[in-house]
Amino acid sequence: AQKVTQAQTEISVVEKEDVTLDCVYETRDTTYYLFWYKQPPSGELVFLIRRNSFDEQNEISGRYSWNFQKSTSSFNFTITASQVVDSAVYFCALSEWSNYQLIWGAGTKLIIKP
Amino acid sequence: SAVISQKPSRDICQRGTSLTIQCQVDSQVTMMFWYRQQPGQSLTLIATANQGSEATYESGFVIDKFPISRPNLTFSTLTVSNMSPEDSSIYLCSVEASGLNTGELFFGEGSRLTVL
């Protein structure tokens with residue numbers, strides 16, 4: 001069965017620290033997509049990244065980077081030099097080719113202290 | 001990209017009443033999705049709304065409680081009927097980003113309902 005696990009319920013760091021949010025997934029499909037979404041206090045969900053199962057290259061976008069490892073079924077998200085504006089709930093999600101509906105993780109609340 | 005507007009953004013409702021949430025998209029989309037996010041929780045899909053057909057509901061959600069309309073390709077409504085405090089949640093409307101069924105979604109800002 002498909003499943004997304006975000007074991008970290010809440011993380012609190014001081015501004016400028018690096019922080020990694022973990023995401024572990026389960027799926028039987030060989031073709032699937034992985035996502036990260038950000039939900040700031042305002043409530044709107046913001047798409048951050050999509051990665052398909054055939055592309056294991058790590059991606060960097062500014063201070064954000066993603067490490068996709070099929071061997072461990074993980075898709076971790078790192079914020080470098082964190083800022084207060086990064087404070088939000090971050091969701092990891094999975095969609096399978098056979099059923100494109102998103103399977104959501106429980107979310108990790110990230111608190112960046114000034 | 002798609003811009004999604006939801007109304008109301010928040011409301012406080014009395015037990016036993018019903019409230020209709022509107023979702024307007026700035027482009028034509030085939031499928032629209034309604035999610036519920038209970039306080040401190042992740043997102044749960046309520047139903048998928050296709051234009052011209054009845055909505056498809058997920059397990060645990062029924063049409064009598066959450067009737068959905070989809071009169072055209074840019075608009076949908078979700079009604080939360082006979083509300084109870086357990087219905088206090090954020091209700092989110094979303095659409096697919098590319099139409100390629102990859103799961104990448106755009107979201108509205110959500111409608112935060114509090115039921116007293």
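Numbered from 1 within each chain, the chains take letters A, B, ... in sequence-line order.
Taken from CD1 in Ile90(B) to CD in Gln39(A), the straight-line distance is 5.5 Å, to the nearest 0.5 Å.
Using a 4.5 Å heavy-atom cut-off against chain A, the contacting residues of residues 108-116 of chain B are Gly108(B), Glu109(B), Arg112(B). The contact list for residues 75-83 of chain A toward chain B, using heavy atoms and a distance under 4.5 Å, is empty.
In this structure, chain B has no heavy atom under 4.5 Å from any part of Gln6(A). Looking at Ile4(B), there are no atoms closer than 4.5 Å to chain A (heavy atoms on both sides), in backbone or side chain. Both the backbone and the side chain of Leu43(B) come within contact range of chain A, with heavy atoms under 4.5 Å apart. Of the atoms belonging to Glu58(B), it is side-chain heavy atoms, and not backbone ones, that fall under 4.5 Å from chain A.
The number of heavy atoms from other shown groups lying within 6.0 Å of NZ (Lys109(A)) does not exceed 12. For NZ of Lys70(A), the number of neighbouring non-hydrogen atoms (other residues, nucleotides, ligands) closer than 6.0 Å is greater than 12. Counting heavy atoms of neighbouring residues, nucleotides and ligands inside a 6.0 Å radius, atom CD of Glu10(A) exceeds 12 of them. Atom CD of Gln38(B) has more than 12 neighbouring heavy atoms from other residues, nucleotides or ligands inside a 6.0 Å radius.
A donor-acceptor contact shorter than 3.5 Å links the side chain of Ser42(B) to the backbone of Gly105(A).
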(message) Between Phe47(A) and Phe107(B), does the ring pair (Phe, Tyr, Trp, His ring centres under 6.0 Å) criterion hold? Intermediate values first, please.
(response) CA-CA 9 Å; Phe47(A) 164 80; Phe107(B) 285 86; over 10 Å; no
(message) Evaluate Trp104(A) against Thr44(B) for side chain to side chain contact (heavy atoms under 4.5 Å, CB included), listing each step before the verdict.
(response) CA-CA 8 Å; Trp104(A) 295 84; Thr44(B) 301; over 6 Å; no
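If you tally non-hydrogen atom pairs under 4.5 Å between each of Ala106(A), Ser42(A), Ala93(A) and chain B, the highest count goes to Ala106(A).
A 4.5 Å side-chain heavy-atom check between Phe91(A) and Gln37(B) finds at least one atom pair inside the cut-off. You'll find the side chain of Tyr35(B) reaches within 4.5 Å of the side chain of Leu102(A), heavy atoms only.
For residues 4-83 of chain B, every residue pair satisfying the disulfide (SG to SG under 2.5 Å) rule, not counting sequence neighbours, is listed here: Cys23(B)-Cys93(B).
Residues Trp66(A) and Tyr32(A) fall within the same hydrophobic cluster, defined by Ile, Leu, Val, Met, Phe, Trp and Tyr side chains chained together at heavy-atom separations under 4.5 Å. Under the 4.5 Å side-chain contact rule for hydrophobic residues, Val19(A) and Leu48(A) share a cluster. Cluster membership check: Phe35(A) shares its hydrophobic cluster with Leu45(B), using side-chain heavy-atom separations under 4.5 Å among Ile, Leu, Val, Met, Phe, Trp and Tyr. Linking Ile, Leu, Val, Met, Phe, Trp and Tyr whenever their side-chain heavy atoms come within less than 4.5 Å leaves Ile21(B) and Phe33(B) in two separate clusters. Leu73(B) and Ile68(B) fall into different hydrophobic clusters, where Ile, Leu, Val, Met, Phe, Trp and Tyr residues are linked whenever their side-chain heavy atoms come under 4.5 Å apart, directly or through other members.
Listed by chain and residue number, nothing satisfies the salt bridge (charged side-chain N to carboxylate O under 4.0 Å, His left out) test with Arg70(B) (two or more places apart in sequence, or in another chain).
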